[in-house]
Participant: 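Quick one: structure below, then a few questions.
Here the structure is a predicted model, which means the values were calculated and not measured. In what follows, every chain begins at residue 1, and chains take the letters A, B, ... in the order their sequences are listed.
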Number of protein chains: 2
Amino acid sequence: MTYTSEYPFVYLTADVLAFALRPDTGLSVLLVKRGSPPYKGRWALPGGFVDEREDLVRAARRELREETGVSGRRLRLEQLGAYGAPRRDPRHRVVSVAWWTVLGPDVVPAAGDDAGEVAWLPVDELVGSRRMAFDHATIVADGLERLRSSLERSTWALTFLSEEFTVAELRSVYETVWGRPLDPGNFQRKVTGVPGLLEDTGRRVGSARGRPAGLYRPGPATEIRPPLARP
Amino acid sequence: MTYTSEYPFVYLTADVLAFALRPDTGLSVLLVKRGSPPYKGRWALPGGFVDEREDLVRAARRELREETGVSGRRLRLEQLGAYGAPRRDPRHRVVSVAWWTVLGPDVVPAAGDDAGEVAWLPVDELVGSRRMAFDHATIVADGLERLRSSLERSTWALTFLSEEFTVAELRSVYETVWGRPLDPGNFQRKVTGVPGLLEDTGRRVGSARGRPAGLYRPGPATEIRPPLARP
DNA sequence: CCAAAAGTGTTGTGTGTACACCCATGA
DNA sequence: TCATGGGTGTACACACAACACTTTTGG
């Protein structure tokens, strides 16, 4: 099919920046390996063209599902911004609307219809490097900064964890994303004191050493007030 | 000229949300009256189509200049986000990248080439109303929230004021945008204590009543640390 | 019993808030 | 002299960082 227009136009894509904590690679981003030029063989954010009459966030969800098999009603996408430098794609004028989200530890991606490779890559190997296609390294850097500041007020940190978790695991999320250790005692008091943030299951879980930790579930709170201060 | 494409495409516009404090209307937004359908006669954000090979932020600056006469090297635009609901423009699929900025009190807009009317409209008459074209009321609401939170950490508040100003005028900016009074004494101490935020000119300005206030200039600081807390 | 991790207590330091108070001017 | 707004002082409450200390398990 051929489309015609009297005015200049752009191609519009939706790209998804999905963070997760992986046991082997730490804070990582879900990427697909490009199977065709340009940037063939490089890593790229899952994403693709927005369909006619398709909402932007729906396009992002669809592309994530088609290219990585990741989907679900619980999945929340927040818009990161539009990236539209004239030469960011060497073929055409392509403007990308980037979205970001956080995935839990049990998400298992699967290569999509395009049969490209799918993998988690650690963010600290991506931000300064040239391993990524297009301007996706910039998008990852912007998204990482957004994630870091979001942890102060939002409940996104809980999304990294399983349905039930310990306070130490939640603290580990903050320490990994912020890149610095937090005082265990103060953190404990702080997060258990936020109304509606954590629900105690009453059960405890024994680790290798030490006193068993309490098991918590996410509570109904949607924000952390007052915010957790980044050191 | 006719453009052709084998894939679906979108039209891309750049819209600018310019805030200012006007003596008559308070916190206001710079708008243009649409002279042609759709939404003829309604108010809209200044904006228009992004040219081929034109950077997004340059397009926003150009549209603001062409439609309102507002320009200048000092003008900073920050991206608010992309708005692309399928039916937001009844004619075509149009995705708008919205940008926001703050203008000083001496900016005098002038109707542009399209000869449409240009005016400042107060934000509180816009957010809930149907006076605006397209989804621009949503963009104004999102931008207002962004402005409010930006005042906590950024130096955007200074941009509302003249080159020289008093602490009381700066406080008035915060009170107007946040919609609640602030303690004059505490505000004074706080902002004069932020390193590099304000430079004392040494001069004083006499108002109608009371002790004359010190005159300040913006300093080199680019952020307010620790942030001013919204009450 | 010891090591280790969970969780609580305690205390010093700093910051925001409320408000009293002084200062400098115009009327 | 009074009213008014600019600007400083001060006391209180509260929040946080640091760290000691208790609790509860595995080895």
Side-chain angles (χ1 to χ4, degrees), chain A residues 151-153 157 161-162 164-176 178-195 197-217 219 221 223-231, chain B residues 23 149 151-153 157 161-162 164-176 178-195 197-217 219 221 223-231:
Chain A
L151 287 204
E152 298 185 49
R153 307 180 97 98
L161 301 171
S162 310
E164 297 187 340
F165 53 86
T166 68
V167 171
E169 288 168 341
L170 180 59
R171 175 164 50 86
S172 166
V173 170
Y174 277 89
E175 291 178 331
T176 304
W178 284 350
R180 53 190 65 187
L182 300 174
D183 183 281
N186 293 334
F187 186 86
Q188 176 96 17
R189 220 189 335 261
K190 179 88 188 189
V191 296
T192 55
V194 176
L197 183 63
L198 302 182
E199 278 181 2
D200 197 337
T201 65
R203 283 175 293 127
R204 311 194 149 266
V205 61
S207 53
R209 292 244 190 300
R211 172 175 167 177
L215 262 187
Y216 292 85
R217 261 193 305 269
E223 61 175 357
I224 299 178
R225 229 174 9 184
L228 270 78
R230 238 192 298 189
Chain B
S149 67
L151 287 203
E152 298 185 49
R153 309 179 95 98
L161 300 171
S162 310
E164 296 187 342
F165 53 87
T166 67
V167 171
E169 289 169 340
L170 180 59
R171 175 163 50 85
S172 166
V173 170
Y174 277 90
E175 291 177 331
T176 304
W178 285 349
R180 55 190 63 187
L182 300 174
D183 184 282
N186 294 332
F187 185 86
Q188 177 96 16
R189 222 189 334 259
K190 178 88 189 189
V191 297
T192 54
V194 176
L197 182 64
L198 302 183
E199 277 181 3
D200 197 339
T201 65
R203 282 175 294 127
R204 311 194 150 266
V205 62
S207 54
R209 294 240 191 304
R211 172 176 168 177
L215 262 186
Y216 292 85
R217 262 194 303 269
E223 61 173 359
I224 299 177
R225 227 174 9 182
L228 271 78
R230 239 191 298 187

Participant: If I take atom CG in residue D183(A) and atom C1' in nucleotide dG9(C), what distance separates them, rounded to the nearest angstrom?
Facilitator: 13 Å
Participant: Between P on dT15(C) and CG on L228(B), what's the gap in Å once rounded to a whole number?
Facilitator: 13 Å
Participant: Which part of the nucleic acid does A168(B) contact within heavy-atom distance under 4.0 Å: base, sugar-phosphate only, or nothing?
Facilitator: sugar-phosphate
Participant: Could you state the interatomic distance from CD (Q188(B)) to CG (D183(B)), rounded to the nearest 0.5 Å?
Facilitator: 10.5 Å
Participant: Look at R204(B) and dT25(C) and indicate whether a side-chain polar atom (N or O) is within less than 4.0 Å of OP1 or OP2.
Facilitator: no
Participant: Nearest whole angstrom, please: distance from the C1' of dT25(D) to the CZ of R203(A).
Facilitator: 18 Å
Participant: Can a side chain N or O of R171(B) be found less than 4.0 Å away from OP1 or OP2 on dG6(D)?
Facilitator: yes
Participant: Would you mind reading off the distance between N186(A) atom CG and dA5(C) atom C1', rounded to a whole angstrom?
Facilitator: 16 Å
Participant: Give the minimum heavy-atom separation between Y216(A) and T192(A), together with the two atoms involved.
Facilitator: OH-CG2, 4.0 Å
Participant: Which is more 5' along DNA chain D, the nucleotide nearest G214(B) or the one nearest G210(B)? Just name the residue.
Facilitator: G210(B)
Participant: Nearest to the R189(A) side chain among dA18(C), dT4(D), dC19(D), which nucleotide is it?
Facilitator: dC19(D)
Participant: How long is the span from the CG atom in L198(B) to the CG atom in L215(B), to the nearest 0.5 Å?
Facilitator: 11.5 Å
Participant: Tell me the interatomic distance from E175(B), atom CD, to dG5(D), atom C1', rounded to whole angstroms.
Facilitator: 13 Å
Participant: Expressed as a whole number of angstroms, how long is the span from R180(A):CZ to dA17(D):C1'?
Facilitator: 14 Å
Participant: On DNA chain D, does the nearest nucleotide to K190(A) precede the nearest nucleotide to P212(A) from the 5' side, or the other way round? Give the residue.
Facilitator: K190(A)
Participant: Please determine, for the side chain of R211(A), which listed nucleotide (dT24(D), dA24(C), dC19(D)) has the closest atom?
Facilitator: dT24(D)
Participant: Does a side-chain N or O of Q188(A) approach OP1 or OP2 of dA6(C) to a distance below 4.0 Å, or not?
Facilitator: no
Participant: Kindly indicate, with the supporting measurements, whether the criterion side chain to side chain contact (heavy atoms under 4.5 Å, CB included) is fulfilled by F165(A) and V205(A).
Facilitator: CA-CA 9 Å; F165(A) 53 86; V205(A) 61; over 6 Å; no
Participant: Quick one: are R230(B) and S149(B) in side-chain contact, heavy atoms under 4.5 Å?
Facilitator: yes
Participant: Rounding to an integer number of Å, can you tell me how far L182(A) CG sits from dC19(D) P?
Facilitator: 15 Å
Participant: When you match R209(A) and V167(A) each to their closest nucleotide on DNA chain C, which lands nearer the 5' end?
Facilitator: R209(A)
Participant: Whole angstrom is fine here: how far is it from CZ in F187(A) over to C1' in dA5(C)?
Facilitator: 15 Å
Participant: How is G206(B) classified with respect to the nucleic acid when contacts are heavy atoms under 4.0 Å: base, sugar-phosphate, or nothing?
Facilitator: nothing
